[in-house]
Protein chains: 2
Amino acid sequence: MPTSNQHKAGDLHFLKRLNRSAILELVRRSPGLTRADIATEAQLTKATVGVCIQSLLEQGWLREGELQKSSGGRPGRALHLNEERHVLFGAEVGVHGLRLVACTLAGHVLASHHEHLVPTTPEVTAELLGELLRRLMSEVRVKDRLCLGLGVALPGPIAPDKPVLRLAPNLGWRDIRFLELLRPHLPQLEGVWLMDNEAKAAAFGEHYFRTGHVPESLIYVSAGTGIGSGMVVGSHPPLLTRGVQGLAGEIGHTILQPGGLYCHCGNRGCAETLVSGWTIRAALSIAEEEDLIATLLPRLEEPEVQVALRRAGEALGVLLLNLHHTQNPAEIVLGGSLTQLGDPLLAPALDFFKSNQSRLLGTTQQVPLRVIQDSTFIAARGAAAQVLASLIHGSNDLI
Amino acid sequence: MPTSNQHKAGDLHFLKRLNRSAILELVRRSPGLTRADIATEAQLTKATVGVCIQSLLEQGWLREGELQKSSGGRPGRALHLNEERHVLFGAEVGVHGLRLVACTLAGHVLASHHEHLVPTTPEVTAELLGELLRRLMSEVRVKDRLCLGLGVALPGPIAPDKPVLRLAPNLGWRDIRFLELLRPHLPQLEGVWLMDNEAKAAAFGEHYFRTGHVPESLIYVSAGTGIGSGMVVGSHPPLLTRGVQGLAGEIGHTILQPGGLYCHCGNRGCAETLVSGWTIRAALSIAEEEDLIATLLPRLEEPEVQVALRRAGEALGVLLLNLHHTQNPAEIVLGGSLTQLGDPLLAPALDFFKSNQSRLLGTTQQVPLRVIQDSTFIAARGAAAQVLASLIHGSNDLI
DNA sequence: AACCATTAGTTTAATATCAATACTAATTCG
DNA sequence: CGAATTAGTATTGATATTAAACTAATGGTT
């Protein structure tokens, strides 16, 4: 959770940290830069960069790589994140189970685990998650690495000022301080602990762990039992918009059909009444005990299924276009379990989005929309990304 | 236009500017603070604050005010913005005319002018605006003050990377570099020149010129011929979300009724087909030559008018609720010419918004929704605010 | 009224950071 | 093999903040 800047004033110590962060961020986003490249990019002198890199190397954040090709001069030494020394943990509590990852500074997954679980109490969930995380910790031999912390993604809005899950309708939870429940089961897990909404964590990870060209902003849409989204604006540090009550991104409850069907939230015509796991279940009479995706995949050719998915897909297309005209992100990433249903659902959505997004400005370049077919560990990995970001950009002195 | 931070590294000069900005911002937001208050708030030492205040006083940005009440010690000296030494200019090019303001550092309007004008070419508009601004400059005796610059608000999306108005459907303009057209007519107007979308400028001004408690984020909804909006996230410096193509906030083209009426953008069921100046005109057969508001105000009791406005108001309510569930701002400000129609339009909108916004989280505190009945100069003043912000937070060395 | 405690603000010396410069190191090209 | 070029390091210097001591101004107490 990148700290939202307060009234920004700073001392020399702050300045040094700022420059360390900026340099680390540069190497993170563009692996293989040399000291000279960094000096140019960050507008610092070679001397300053040199000293800073020195200490980042000594502390194990960076490693030196190969020599770069020279074009008539001393070749520079490439710099990379040192992925051997640290480990980040991420977890997602979902409606259908728990997902856990351990990953490196660059977001590479060292180990992961997926455990099915029917919704139960927060206490039982925390205990199980604790046990699974302990197992994961031994699997990655956490003694060999410095553990930077744990991020937990949860299926509902989080209070913006304190780590409380305000509501998780699909779990039947309300006002849960999940980290406090989890901590007794994981006394040995050091570092930053944080929690966030599942779609926001996913959005953050999709943006933060990208290298090379990074989009100016990004929205992740999570289409599963419900529909959520998260937006990152990449303003160094990347900023997650949470909303004053943590409700930003609750696009499943934007109204697409005034006077339409009743939603479980009590309102009428919410997007979730047109596209969501439970709407598709209702339309096709699929019981809650059955796995929606597993049930549907063999039935995709059935006309009844095709119709239901096309209708849902059309609504999803409207939802995406509305995001485009409300937030206009540089990229949209579509994930969540429903993407596994493929073209019957996605083709209508993508077609609508692509053919209508340039209505206002005429033919400008299209906003890329990327579909993630297997988004199993996206949110867990994103929560781990938030741990790293909070260390790099926060007021912590570890970095 | 606050500069979006690049890869943030900095030297001592940068640090000093940062602290100067932070201190100036503190006084701007909380007039009457003492040096000691500032040292506490900004986490700087008294020495640093003292030196910095000294130079801000000498350069005319601040003035010392009254002594504060003491509670058993030397009383502090209140500090305020010095509103005597500078002037900001702002202008709005609207569908029905030009609006101009000259204002102080605190946003107080020194002089203003409203000129009716039927849509014409950018060149003619620029020439007229130039003349009116010159007149305003002499009116505020600009020789007595340092002119900090001019902001121009325009009714359409602006390219995010360069000062180009991409489209203004209601003026019939496309890809206009308005500032370049204006500059020859105002060679004597010094300082920063910038332009922005009308709703974004308004949003910025409503946030930036507020003192005391400042909302964490704010959306301004401009309901006039079309419907636009702008969002400010107050992350020091306050950040306007523009979107990768400048389309953020184009909520008039979010779809509220899939398969509904055709909008002039070519899509179906856009919000503007349900609530906007031109929709109300169409519903009540009011010709374009007539002033919509002036025509309707005496007719508000007519059943036909009541029905049309109630329908539009209901759609506006849905739009506001969708903003709540997408961006969840800490405050919504509703302005634009349509607010002058009062309760027949606004009551249904506000009722719907207020009674449905706590669906998800249950009874939490309401998000305040403030209606501005007379928003004539809001956008022009907001554009002036952007000039000030770009000086305080930008890389400019004036401050 | 004199004095003390308290808080505001300034001055001075010390410290820390980055910049500038000069330097060494390693490569290509002729 | 040497000149040119670029990478990276070491030394010195400029500058911003800090810490600590100091002056200033007020309220309360004796």
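- Going from atom CD of B:Gln68 over to atom P of D:dA24 covers 21 Å, rounded to whole Å.
- When distances are taken from the side chain of B:Ala36 to each of D:dT17, C:dA8, D:dA7, the shortest belongs to C:dA8.
- Rounding to the nearest 0.5 angstrom, the gap separating the CD atom in B:Glu216 from the OG atom in B:Ser235 is 9.0 Å.
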With side-chain hydrogen bond (donor to acceptor under 3.5 Å, both in side chains) as the criterion, how do A:Ser55 and A:Arg20 come out once you've worked through the C-alpha distance, each side chain's angles and the decisive distance to 0.1 Å?
CA-CA 9 Å; A:Ser55 75; A:Arg20 278 174 70 86; 2.4 Å; yes
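- One interatomic measurement links the two molecules: CG of B:Asp37 to P of C:dA8, which rounds to 7 Å at whole-angstrom precision.
- Of the candidates D:dT17, C:dC18, C:dT27, D:dT17 carries the atom nearest the B:Lys16 side chain, counting heavy atoms from C-beta on.
- Distances from the side chain of A:Thr34 to the nucleotides C:dC18, D:dT18, D:dG8 place D:dG8 closest.
- The interatomic distance linking A:Lys46 (NZ) with C:dA25 (C1') rounds to 11 Å, in whole Å.
- For A:Arg74 against D:dA7, a side-chain N or O and a base N or O form a donor-acceptor pair under 3.5 Å.
- Regarding A:Leu15, its CG atom lies at a distance of 8 Å from the P atom of C:dA19, rounded to whole Å.
- Classified by interplanar angle (parallel below 30°, tilted 30° to 60°, perpendicular above 60°), the ring pair B:Tyr208/B:His393 is perpendicular.
- Looking at A:Val101, A:Leu110, A:Val140 one by one, the single match for side-chain contact (heavy atoms from CB on, under 4.5 Å) with A:Phe89 turns out to be A:Val140.
- Toward the 5' end of DNA chain D, the nearer of the two residues A:Ala47 and A:Leu12, judged by each one's closest nucleotide, is A:Ala47.
- Close to D:dT18, at under 4.0 Å from its OP1 or OP2, lies a side-chain N or O of B:Thr48.
- Both B:Gln54 and A:Ser71 sit near DNA chain C, but only B:Gln54 has its closest nucleotide nearer the 5' end.
- Contact check, A:Arg35 against D:dT9: a side-chain N or O comes under 4.0 Å of OP1 or OP2.
- Distance, A:Phe14 CZ to D:dT18 P: 12 Å, rounded to whole Å.
- An OP1 or OP2 oxygen of C:dA19 is reached within less than 4.0 angstrom by a side-chain nitrogen or oxygen of A:Thr45.
- Atom CG of B:Asn19 is separated from atom C1' of D:dA16 by 9 Å (rounded to the nearest Å).
- A straight line from CG of A:Asp11 to C1' of C:dC18 spans 15 Å, rounded to a whole angstrom.
- Atom-to-atom, CG of B:Leu67 to P of D:dA25 comes out at 10 Å; the value is rounded to the nearest Å.
- The environment of A:Arg370 atom CZ is dense: over 12 non-hydrogen atoms of other residues, nucleotides or ligands sit within 6.0 angstrom.
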